[in-house]
Amino acid sequence: MYSEFHLQRSASLESASPLPNLSCLNEQQTAAFHLVVDSVISPVPDAGHFYFLYGHGGTGKTFLYKTILAHLKKLGKIVLVVASSGIAATLLPDASTAHSRFKIPLEIDQASSCNIKKGTQLAQLILDASLIIWDEAPMVHRLSFEAVDRAFCDIMNVPFTGIHYRPFGGKVMLLGGDFRQTLPIVADAGREESVDASLTCSYLWSTCTVLQLTENMRITTSAGNESVTFNGMDFATWTLAVGNGTVPGKCFHQNQPADWIEIPEQLLISATEAPIQTMASEIYTDFAARFHSAAYLTERSIITPTNRNVTEINSHMLALVPGQVRTYFSSDTLHTDAVDPSWLEAEYPTEFLNGLSFNGCPEHQIDLKVFTPIMLLRNLNPEIGLCNGTRLMVVYLGHYVIKGVIMGGTFNGKTVAIPRIVLNINDRRWPFVLKRRQFPVRLCYAMTINKSQGQTLISVGVYLPKPVFSHGQLYVAVSRVRSANGLRFLIVNEDDIPANYTRNIVYEEAFADLQLSGDFDLNFP
Ligand SMILES: Nc1ncnc2c1ncn2[C@@H]1O[C@H](COP(=O)(O)OP(=O)(O)OP(=O)(O)O)[C@@H](O)[C@H]1O
């Protein structure tokens with residue numbers, strides 16, 4: 001914490017780099033830039049300064065955060081940068097995950113606050129910060145923002161209720177993201193609970209000013225899209241229509257929503273008897289010659305809704321890589337508060353524990369080769385780019401450490417070592433806490449759609465042996481690329497549903513009324 005504290009301060013005083021070039025910002029980015037920067041430089045006393053940067057995938061939110069950050073650091077201001085996911089944090093300079101930075105409790109309720117004591121270095125850092133940037137905010141449960149609000153009011157000595165209340169204690173906050181993309185994950189939640197978990201359903205939302213970006217910079221900054229049209233829509237318009245749920249859908253089963261949309265022919269790979277092999281050779285072209293190139297691996301991925309399919313694709317790709325497999329087995333033990341745990345140990349022997357799989361946790365058995373891409377599954381050290389979601393190419397497989405070269409983000413190309421760690425896995429299904437000692441990694445030729453959120457890739461294969469299962473997933477999938485040329489779908493449908501149709505689940509109420517809140521002029525005259 002001490003070094004982190006000093007890092008933030010020294011980073012804020014860097015003076016080697018010039019002020020960022022504001023002329024490259026588009027009109028909406030420029031307007032948002034000035035509003036936020038003016039709030040930092042001349043804050044209105046006793047007012048709230050809570051902004052939400054809202055724009056669909058590729059509209060340049062991350063680009064704008066970086067510009068604001070560079071500008072304020074040049075002026076000697078302290079800016080704390082966080083993101084809701086580890087992978088989003090790796091895309092921004094000096095960022096960490098919001099949960100680790102603000103000590104947000106994992107078990108959270110309406111009255112929770114963060115574990116930040118007044119008078120500590122962290123409390124002082126928050127007091128001294130001129131701006132907090134929080135990317136991919138829609139992925140976090142609204143109760144987490146409310147806990148941060150409570151903690152900041154306390155640190156800044158601002159009453160949490162009444163006329164003197166100011167959101168986040170009056171700190172200038174720039175949250176951002178896209179409510180068309182995935183919403184907070186709530187176990188066993190239906191549509192209503194998922195939407196209710198969203199920041200837009202918090203009391204905080206009515207205090208925020210929405211800054212909207214609408215121009216797709218990911219697609220317009222690249223060539224190769226001009227000739228591609230789908231039902232009269234260009235690629236950028238089509239991807240946004242997917243996000244908005246306005247691509248006309250069909251119903252294939254009685255009493256089910258008409259949310260099966262047709263995927264344009266130009267994007268489709270025909271389903272074959274060997275769909276994984278077909279998808280793999282389409283996305284990992286020329287693999288035999290390029291399997292060891294970090295640049296080649298960085299720019300492509302196969303994305304799919306479930307971990308099960310991710311594992312199948314990864315195993316297929318691993319077999320294509322020359323060289324010896326190195327296998328790492330975890331050591332698994334169970335822990336319980338029970339006075340006599342012996343019956344539990346008898347009921348759940350080690351072999352049973354070894355067979356358990358959990359979302360976001362490494363498997364008991366991990367097979368790797370040198371030159372394979374892996375994804376980190378825990379925040380090991382955000383200061384050197386080791387976040388949950390960081391991708392690396394393996395360069396050394398040792399007994400005690402694995403070494404890898406970071407692929408993408410602000411630490412691209414850096415070689416780092418990953419140790420084995422003990423993961424405490426507390427799953428409601430089991431009457432014990434599983435302690436698994438293992439390298440916190442998995443192969444990542446393929447990843448889940450949720451893990452791909454925030455990444456810009458050149459070549460993406462969307463593998464759908466089953467349709468997506470929650471809001472925004474199809475939109476996240478189609479909006480990862482710079483051009484239609486880089487996107488391919490392989491769909492396998494049961495029940496005679498044609499393989500050019502897939503589900504597009506969109507909870508319109510999650511973003512329909514956003515423009516009604518805040519008093520910012522969204523038209524930027
Ligand atoms: N003003 C700009 N000038 C040039 N390139 C830009 C500009 N704004 C954004 N870009 C580029 O467009 C691409 C998409 O931008 P960015 O990643 O910031 O979008 P985003 O809104 O954060 O996307 P997502 O929601 O998918 O994470 C990036 O390659 C970025 O460098």
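Everything numeric in this text was worked out from a predicted model, so none of it was measured. Start at 1 and go down the list; that is how both ligands and their atoms are numbered. Throughout, numbering of the chain's residues begins at 1 and tracks the sequence.
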Using heavy atoms and a 4.0 Å limit, tell me yes or no: is [X] in contact with ligand 1?
{"X": "Ser479", "result": "no"}
{"X": "Asp178", "result": "no"}
{"X": "Gly55", "result": "no"}
{"X": "Arg482", "result": "yes"}

*For Cys24 and ligand 1, does the shortest N/O to N/O distance drop below 3.5 Å?*
yes

*asked:* Pair Gln181, Met139 - check side-chain contact (heavy atoms from CB on, under 4.5 Å), show working.
replied: CA-CA 8 Å; Gln181 300 188 31; Met139 293 173 85; over 6 Å; no

_Gln181: numbered ligand 1 atoms lying under 4.0 Å from its heavy atoms_ =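 In order of numbering, the contacting atoms are 25 (O).
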
Who gets closest to [atom] by heavy atom: [options]?
{"atom": "atom 12 (O) of ligand 1", "options": "Glu215, Arg480, Gln453, Met217", "answer": "Met217"}
{"atom": "atom 22 (O) of ligand 1", "options": "Val476, Thr62, Thr67", "answer": "Thr62"}
{"atom": "atom 18 (O) of ligand 1", "options": "Tyr475, Tyr65, Tyr54, Phe63", "answer": "Phe63"}

*Sole candidate of Phe145, Tyr51, Phe102, Phe50 that passes ring-ring contact (aromatic ring centres under 6.0 Å, His included) when paired with Phe168*: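 With Phe168 as partner, ring-ring contact (aromatic ring centres under 6.0 Å, His included) holds for just one option, Phe50.
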
*asked:* Walk me through whether Ile418 and Leu392 qualify under side-chain contact (heavy atoms from CB on, under 4.5 Å).
replied: CA-CA 10 Å; Ile418 300 166; Leu392 310 101; 3.9 Å; yes

_For Glu136 and Ser85, which I'm curious about, is there any donor-acceptor pair between the side chains at under 3.5 Å?_
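Distance-only check fails for Glu136 and Ser85.
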
_Pair Tyr296-Asp286, side-chain donor/acceptor within less than 3.5 Å_ = no

*According to the interplanar angle, ranging from 0 to 90°, do the rings of Tyr284 and Phe287 count as parallel (below 30°), tilted (30 to 60°) or perpendicular (above 60°)?*
perpendicular

*Partners of Arg290 by salt bridge (charged side-chain N to carboxylate O under 4.0 Å, His left out), sequence neighbours excluded?*
none

